[in-house]
Amino acid sequence: MGLQWSREEERRPLLAGSRAPRVFGRRWLVLLLFSLLGFMQGLVWNSWGPIQNSARAAYGFQGLDIALLVLWGPIGFLPCFLFMWLMDTRGLRVTVLLTLLCMVLGAGLRCIPVSDLALRRRLIHGGQLLNGFAGPTAMNAAPFLSTTWFSPDERATATAIASMLNYLGGACAFLIGPLIVPAPNNTSGSHLTEGHVASIKDRIEAVMYTEFGVIALLFAAVVAYFPARPPVPPSVAAAGRRLSYRSSVWRLLSNVRFLMIVFAYAIPLGFYAGWSGVLDLILTPIHINQVDAGWIGFWSIVGGCFVGIAVGRFADSVRGVLKPILVLLFSASTLSATWFTLTFLSRVTHLPLTTATIYTSCILIGVFLNGTVPIFFEMFVETVYPVPEGITCGFVTFLSNIFTGLLLVFLTFYHIAPSWSNWSLTGSCILGLVLIICFRESSDKLSHPKYTI
């Protein structure tokens, strides 16, 4: 068959002889450790957007710096397929250890105490980039973990928990930063006393030191115990053969149905990630301070996490409902994004521009969009089975981060007004809804003869 991207022994089934599939109680510990990895990666990635005014005052960051600190997350996806190859060929343990090593180094780099502010800013940028390199595993590996460790009737739930904790980490950054770090007296950070600047810097450093300590502790826990796979797989599907990488890439690129749902996911979720990362910047012109913006971001993502886990559990109980769930969630997110965008044009639309309407519309966007993530992941894997889960989800999230980066680049380098990102988000939700409606659902993975317990 020519040159293979993975060796034959790497594609052998895990199931040997007559050993029946079974699940192990330790699967919940593995899920917990991986979910904490995702949580901390999301928390560190979103550290700076919610406290952008304080960061400007403490370290002399400019608007370009704030956008770049968010942009390092999408840039960190450039070696995405290396991590996915490592996961599919060497297993979860090696991949998770390498990922946590990047996170430990990145968090430590941000904590190096230097008095030169220019050098300190470079170290912080470097730390954010290293944390960005952890993104492919944190965002992509959930379906692989659930297939490797969980039975079919728990799989969507496990995928939802593992994937949503990354988003929950980003949500907690909206809460932790503004509550711990004091905001400057004005949005520009000018006319501040040295004592106030020192207080802001001390609080930011306290947050960074704490994050470094938690990540280091998590790294030690994974070194102590994190198996690559269970002794016996939980289902016959988990033990089944997967395609080689070359065949997998061809299968993904030639599957029109798969590409439809890829763009239905990548464009709206990519734009939403960039939009939420600079939410404080977007809301500043309408005099929403960073604390209020933080609460808006927090509840929008937390609500999405609960919805995602709930619909994942529902999908485990009732088969064949993935598309209707996505249509419902995307319809609601489209209406919410339209409401938020038109609220910014209150002089034309005469819609009330109040804190309550901004809170409600922003939170609903996050709740409905983030709630689609685990359902999308399950649909991706089902549509292209037996393509390895790692390369499938890696391909998808790589494209999503490209769209995140594009939005941030336009906001940063082309000086596009932040309000245009609202229109981009609304348009992407409409496009995603149309693609999902046109998608023809068929559960290739579930109908495969080996997909049994």
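Heads up: numbering here begins at 1 and tracks the sequence.
Contacts of Arg93 classified as salt bridge (charged side-chain N to carboxylate O under 4.0 Å, His left out), with partners at least two apart in sequence or in another chain: none. With sequence neighbours excluded, the residues forming a side chain to side chain contact (heavy atoms under 4.5 Å, CB included) with Ala173 are Leu43, Asn46, listed by chain and number. Residues that satisfy the side chain to side chain contact (heavy atoms under 4.5 Å, CB included) test with Val367, not counting sequence neighbours, are Val307, Ile363. Every residue two or more places apart in sequence or in another chain was checked for a ring pair (Phe, Tyr, Trp, His ring centres under 6.0 Å) with Phe133, and none qualifies. Contacts of Thr426 classified as side-chain hydrogen bond (donor to acceptor under 3.5 Å, both in side chains), with partners at least two apart in sequence or in another chain: Thr341. Remark: Arg120 pairs with Glu205 by the salt bridge (charged side-chain N to carboxylate O under 4.0 Å, His left out) rule, at least two apart or across chains. For Thr343, the side chain to side chain contact (heavy atoms under 4.5 Å, CB included) test picks out Trp339, Leu351, Leu353, Thr357, Ile358, with sequence neighbours left out. Take Thr397 and apply the side-chain hydrogen bond (donor to acceptor under 3.5 Å, both in side chains) test, not counting sequence neighbours, and it matches Asn140. Partners of Asn401 under the side-chain hydrogen bond (donor to acceptor under 3.5 Å, both in side chains) rule, at least two apart in sequence or in another chain, do not exist in this structure. In this view, Phe340 and Trp275, Phe344 satisfy the ring pair (Phe, Tyr, Trp, His ring centres under 6.0 Å) rule, not counting sequence neighbours. Remark: Thr392 pairs with Leu252, Phe258, Phe380, Val384, Val387 by the side chain to side chain contact (heavy atoms under 4.5 Å, CB included) rule, at least two apart or across chains.
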Mind listing the side-chain donor-acceptor pairs of residues 94-108 below 3.5 Å, one per line with the distance, residues two or more places apart or on another chain?
residue : atom : partner : partner atom : Å
Thr95   : OG1  : Met87   : N            : 3.3
Thr95   : OG1  : Gly91   : O            : 2.9
Thr99   : OG1  : Thr95   : O            : 2.8
Thr99   : OG1  : Thr137  : OG1          : 2.8

